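Everything below concerns the one structure shown next.
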Amino acid sequence: MNTDLILKYFPEISERQKEQFEKLGALYLDWNEKINVISRKDTEFLYERHILHSLGIAKVMAFSAGTKVLDVGTGGGFPGIPLAILFPEVQFTLIDSIGKKIKVVEGVAEAIGLENLTALHGRAEKLKEKFHFIVSRAVTQMPEFLRWLKGKFEKEQLNPKHNGVLYLKGGDLAEELAGLKCEIFPLKNYFSEDFFETKKVVYLSKGNFNS
């Protein structure tokens, strides 16, 4: 079953969540035929390289109910859709500047009955709404990414960590993160598959920039 990899690391998920994760495989294969949202060579590794990778954020932060999370440059819905399945009491907003990718997000979310997700076609820096956390998967270099996020954070704190950014990145981050106060969580500490050997979650509190 497609969900075996998810259940290996998140055994507590409900039957409904299991069904939602299970449906993602066929849905993304179908959408990928129409709109290329996942590299063709990656489709057979969808659950490892896209879904479980997205859920790496959940190993660092189990969002509290009522948390508002923005996924910037979501593409076909990563990390936002897997996280929205895992945290049904959290409100997710997924934004991308490419309209056809947001069409995929809307189609997948509707097909699996996700009620805690809003998909937007646009640019993050233009958004007026504020969020507790902002997540993303390596859309650009961190300094540029942080410039997009000024004024986007709620003052209210609902989670153990201060409101801020949870960013999925790979490789050597020393130069890119120079001068920033951040915590780096290697995903190899949580997942045993080789793919995660160099993958990390970077956490930066909103204190790193003007919020």
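All values reported here derive from a predicted model rather than from experimental measurement.
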Do you know which two heavy atoms are closest between [X] and [Y], and how far apart they sit?
| X | Y | result |
| --- | --- | --- |
| Ala119 | Leu117 | N-CD2, 4.1 Å |
| Ala58 | Phe10 | CB-CE2, 4.0 Å |
| Tyr28 | Val104 | CE2-CG1, 4.2 Å |
| Leu204 | Cys182 | CG-CB, 3.8 Å |

Qualifying residues under ring pair (Phe, Tyr, Trp, His ring centres under 6.0 Å), relative to His132, sequence neighbours excluded: none
Those residues that, when tested against Phe191, pass ring pair (Phe, Tyr, Trp, His ring centres under 6.0 Å) (two or more places apart):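 Result, ring pair (Phe, Tyr, Trp, His ring centres under 6.0 Å) vs Phe191: Tyr9, Phe196.
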Please round to the nearest 0.5 Å and tell me the distance separating atom [atom1] of [X] and atom [atom2] of [Y].
| X | Y | atom1 | atom2 | result |
| --- | --- | --- | --- | --- |
| Ser136 | Leu168 | OG | CG | 8.0 Å |
| Leu166 | Ile134 | CG | CD1 | 10.5 Å |
| Asp96 | Leu120 | CG | CG | 10.5 Å |
| Leu127 | Ile95 | CG | CD1 | 4.0 Å |
| Thr3 | Glu19 | OG1 | CD | 10.0 Å |
| Ile57 | Leu86 | CD1 | CG | 11.5 Å |

Is [X] reaching over with its side chain to a backbone N or O of [Y], donor-acceptor style, under 3.5 angstrom?
| X | Y | result |
| --- | --- | --- |
| Glu48 | Phe45 | no |
| Ser14 | Gln17 | yes |
| Asn116 | Gln91 | no |

Which pairs, with at least one residue in [range] and sequence neighbours excluded, count as a salt bridge (Lys or Arg N to Asp or Glu O under 4.0 Å)?
| range | result |
| --- | --- |
| residues 97-121 | none |
| residues 131-146 | Glu144-Arg147 |
| residues 193-203 | Lys8-Glu193, Lys188-Glu197 |

Between Thr67 and Asn159: side-chain donor-acceptor atoms closer than 3.5 Å: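 Yes - a donor-acceptor pair under 3.5 Å links their side chains.
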Residue pair [X] / [Y], side-chain heavy-atom distance below 4.5 Å:
| X | Y | value |
| --- | --- | --- |
| Leu177 | Ile184 | yes |
| Gln20 | Leu114 | yes |
| Asn189 | Pro186 | yes |
| Leu94 | Thr118 | no |

Cluster question for you: counting only ILVMFWY and a side-chain heavy-atom cut-off of under 4.5 Å, with indirect links fine, are [X] and [Y] together?
| X | Y | answer |
| --- | --- | --- |
| Leu158 | Val165 | no |
| Leu7 | Leu187 | yes |
| Ile112 | Ile35 | yes |
| Phe21 | Tyr190 | yes |
| Val60 | Ile6 | yes |

Sequence neighbours excluded - ring pair (Phe, Tyr, Trp, His ring centres under 6.0 Å) pairs with any residue from residues 161-186: Phe145-Tyr167
Residue pairs involving residues 79-101 (criterion ring pair (Phe, Tyr, Trp, His ring centres under 6.0 Å); sequence neighbours excluded): Phe63-Phe87
Not counting sequence neighbours, which residues clear side chain to side chain donor-acceptor pair (under 3.5 Å) with [X]? List them please.
| X | answer |
| --- | --- |
| Ser97 | none |
| Glu183 | Lys161 |
| Glu154 | Lys68 |

Centroid separation His53 to Phe195 less than 6.0 Å: yes
Basic-acidic side-chain contact under 4.0 Å: Lys18, Glu15: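 Answer for the salt bridge query: yes.
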Any residue meeting side chain to side chain contact (heavy atoms under 4.5 Å, CB included) with His121, in chain and number order, not counting sequence neighbours: Ile102
Which donor-acceptor pairs under 3.5 Å do side chains of residues 69-79 form with protein atoms, sequence neighbours excluded?
| residue | atom | partner | partner atom | Å |
| --- | --- | --- | --- | --- |
| Asp71 | OD2 | Thr74 | OG1 | 2.7 |
| Asp71 | OD2 | Gly80 | N | 2.9 |
| Thr74 | OG1 | Phe78 | N | 3.4 |

